[in-house]
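Notes follow the structure.
Just so it is clear: chains get the letters A, B, ... in the order the sequence lines come, proteins before strands, and each one is counted from 1.
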There are 2 protein chains.
Amino acid sequence: MAQPMYQQIADDLRIKIETGELAPGAQLPTELELRENYNASRNTIRDAIKRLTSLGAVETKPGQGTFVVQKIDPFVTILTDDPKRGIVGENATYLSEVSESHREARLTTPRVEIQVPSGEIARRLRVESGTQVISRHQQRFIDEIPWSLQTSYYPMEFVTSGKAPRLLIAEDMPDGVVSYLEEAMGIRQVGYRDWITARTPDSNEQSFFRISHDATVFEIFRTGFDEDATPVRLTVTIFPADRNQFIVNVGKAPGPQYE
Amino acid sequence: MAQPMYQQIADDLRIKIETGELAPGAQLPTELELRENYNASRNTIRDAIKRLTSLGAVETKPGQGTFVVQKIDPFVTILTDDPKRGIVGENATYLSEVSESHREARLTTPRVEIQVPSGEIARRLRVESGTQVISRHQQRFIDEIPWSLQTSYYPMEFVTSGKAPRLLIAEDMPDGVVSYLEEAMGIRQVGYRDWITARTPDSNEQSFFRISHDATVFEIFRTGFDEDATPVRLTVTIFPADRNQFIVNVGKAPGPQYE
DNA sequence: GGGTATTTGTCCGTATGTATT
DNA sequence: AAATACATACGGACAAATACC
């Protein structure tokens, strides 16, 4: 046996999917039918299907069947801001990028919390661990598909000093928090750093994005800095890898995005 | 049964790993022992372990046992070139970044091929599909751990014109291909665009990186442009997500890397 | 709403193969 | 060569989710 049987079955089905014999959205034969087609036991068929789900080629729905996944048209985020536009709020950038591509973006109103951050958050925002921070959490959708989960963290003294009370208000800031902080506190964000990682989703992310436990999500930490190189904000965004890609432009790179 | 049994067992083992009760590198009890510990069948134990492998928490070795994975110290690549350094070869950047972190980098000598590129490669390099291109492929290691797979593509006329013959020589160019092209052909790369995606590894990548089929790799397409905004090269690099992270600096961001 | 058929999910037991020590 | 440990494959039983009448 060169290849295990479940692997051969998975490959055969994968080829049928790639050639279009099984179209996107189409239902695969049921486990019982596949069992007869391939003359294998149901468990072996199930192993083959598990292989395909972990490749992201099919999805199973209890009580209904197994279906070829609809490939989602990926949304591309430009991490390096357009210099002509200057550094603006991420949400404004997000909304304009999406509308440029003729798709409909939507954000939830922020959920504002006072938290004691995890060690990683505290380290990146450079506050002492054990102190409190303000967190603002938003969900983002494109064409009503859940697209990303974003949480921004700010040092607690921004509100305890009385200077930036609107950080605690559960409302979106259309001009962006960055420009609000400049108006209210004189803090200028002169640059930022994105730290890009990938991992498997936790259970919250699995249910929000409706992805399986062995899918992949990007986790991007964006730290904004003022002129003294002090972090003024940290934004952590989770993007499912099946519907998100990123662009970094350096030097003279043409067009906004496409050739 | 709120949670399925295999899930509870997986969670219990995961907690023991996170708390350090099962140290990195340690061997888990064998399937037979776990079966007695949890009073479950061997198949159920195996389902729990599959869950942990897909999380990347453990790895199984036939004939030996199941082991807590040694977390690899991730290597961080800066995608936005340091402006003081200017735009130099990726390999030079790679070697210097690694040596700055006191780790040992190594590259294989390039494997040079003439290929008819796939549609995606042709589109990104903006050559007509069906025409030939030069490809140069290298494997990169850090401390002898396989770290990335890189393939660069160049338009065929760079050598058919007789101007850049060294592109066909299977030798690393320590100063970088970019500066060679400038010397030899007068082509200046004035900028580049990185396009960042993530996916599961193909079988080549699985065996080279020694990762499982449901791991994740970053696939980064770097297109270099000359002053006419014409692509002069395309570099595709595969990075396993368990040992690679990326940084993008925009505006004034402090330090090279760490706070 | 309820009942039934269909389909996938979980769990068990067993046998045999393959890799490593 | 033998023992150990994981990998593959079979079969069966019941549960849970969904669709349909």
Side-chain angles (χ1 to χ4, degrees), chain A residues 1-14 17 22 25-69 203 206-207 210-215, chain B residues 1-14 17 22 25-69 203 206-207 210-215:
Chain A
M1 193 190 319
Q3 290 247 82
M5 193 190 302
Y6 75 92
Q7 184 63 265
Q8 293 180 39
I9 296 171
D11 285 341
D12 188 66
L13 289 170
R14 188 174 48 75
I17 290 169
L22 288 166
Q27 180 172 3
L28 268 68
T30 66
E31 292 175 349
L32 226 67
E33 289 166 337
L34 288 171
R35 179 192 143 140
E36 289 168 8
N37 291 354
Y38 291 103
N39 197 28
S41 77
R42 187 177 158 226
N43 281 324
T44 302
I45 297 295
R46 284 177 60 73
D47 282 344
I49 289 176
K50 270 180 210 153
R51 195 78 190 70
L52 294 175
T53 58
S54 91
L55 289 175
V58 304
E59 58 185 340
T60 58
K61 299 182 184 174
Q64 299 184 56
T66 305
F67 301 85
V68 181
V69 296
S203 55
Q206 285 168 39
S207 62
R210 293 193 285 267
I211 54 180
S212 81
H213 58 79
D214 55 6
Chain B
M1 193 191 319
Q3 291 247 79
M5 194 189 302
Y6 75 93
Q7 184 64 266
Q8 292 181 37
I9 295 170
D11 285 341
D12 188 67
L13 289 170
R14 188 174 48 75
I17 290 168
L22 287 165
Q27 181 173 3
L28 267 67
T30 67
E31 293 176 349
L32 227 66
E33 289 166 337
L34 288 172
R35 180 192 143 137
E36 290 167 6
N37 292 353
Y38 291 102
N39 196 29
S41 80
R42 189 174 157 235
N43 281 326
T44 302
I45 296 296
R46 283 178 60 73
D47 282 343
I49 289 176
K50 269 180 211 153
R51 199 76 189 71
L52 293 174
T53 58
S54 91
L55 289 174
V58 304
E59 58 186 340
T60 58
K61 300 182 185 175
Q64 298 183 55
T66 305
F67 300 85
V68 181
V69 296
S203 55
Q206 285 167 40
S207 63
R210 292 194 285 269
I211 53 180
S212 81
H213 58 80
D214 56 5

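A straight line from CG of A:Asn43 to C1' of C:dG9 spans 11 Å, rounded to a whole angstrom. One interatomic measurement links the two molecules: CD of A:Glu59 to C1' of C:dG9, which rounds to 16 Å at whole-angstrom precision. The CZ-P distance, from A:Arg35 to D:dA9, rounds to 15 Å in whole Å. As a whole-Å value, the separation of B:Ile45 CD1 from D:dA5 P is 15 Å. Between the CG atom of B:Leu32 and the P atom of D:dT4 there is a distance of 11 Å, given to the nearest Å. Atom CG of B:Leu28 is separated from atom C1' of D:dC6 by 13 Å (rounded to the nearest Å). Per the geometry, CZ belonging to A:Arg51 stands 10 Å off P belonging to D:dT8, to the nearest Å. Spacing between atom CE of A:Met5 and atom P of C:dG17 amounts to 13 Å, rounded to whole angstrom units.
Of the two residues near DNA chain D, A:Ala40 and B:Pro62, the one whose nearest nucleotide lies more 5' is B:Pro62. DNA chain D is contacted by both A:Asp47 and A:Lys61; A:Asp47 maps to the nucleotide lying nearer its 5′ end (nearest heavy atom per residue).
With hydrogens and angles ignored, a donor-acceptor pair under 3.5 angstrom links the side chain of B:Arg42 to the base of D:dA7.
Considering A:Val68, A:Val58, A:Thr66 in turn, A:Val58 is the only one that fulfils the side-chain contact (heavy atoms from CB on, under 4.5 Å) rule with A:Leu52.
Taking side-chain N and O atoms only, A:Thr44 has no distance below 4.0 Å to OP1 or OP2 of D:dT8. The shortest distance between the side-chain N/O atoms of B:Arg46 and the OP1/OP2 oxygens of D:dA7 is below 4.0 Å. In terms of phosphate contacts, A:Gln64 brings no side-chain nitrogen or oxygen within less than 4.0 Å of OP1 or OP2 of C:dT6. Taking side-chain N and O atoms only, B:Thr66 has no distance below 4.0 Å to OP1 or OP2 of D:dA5. Residue A:Thr60 places at least one side-chain N or O closer than 4.0 Å to OP1 or OP2 of C:dG9.
A:Val69 and A:Glu59 make their closest contact through CG1-N, 3.8 Å (heavy atoms, listed as atom of the first residue, atom of the second, distance).
The CG atom of B:Leu55 sits 8.0 Å away from the NE2 atom of A:His213 when rounded to the nearest 0.5 Å.
Side-chain N or O atoms of A:Gln8 include one that pairs as donor or acceptor with a backbone N or O of A:Gln3 at under 3.5 Å. When atom types are taken as modelled, the side chain of B:Gln64 and the backbone of B:Gln27 share no donor-acceptor pair closer than 3.5 angstrom.
Taking a pair to require two hydrogen-bonding distances under 3.5 Å in either a Watson-Crick or a G-U wobble arrangement, D:dA1 remains unpaired.
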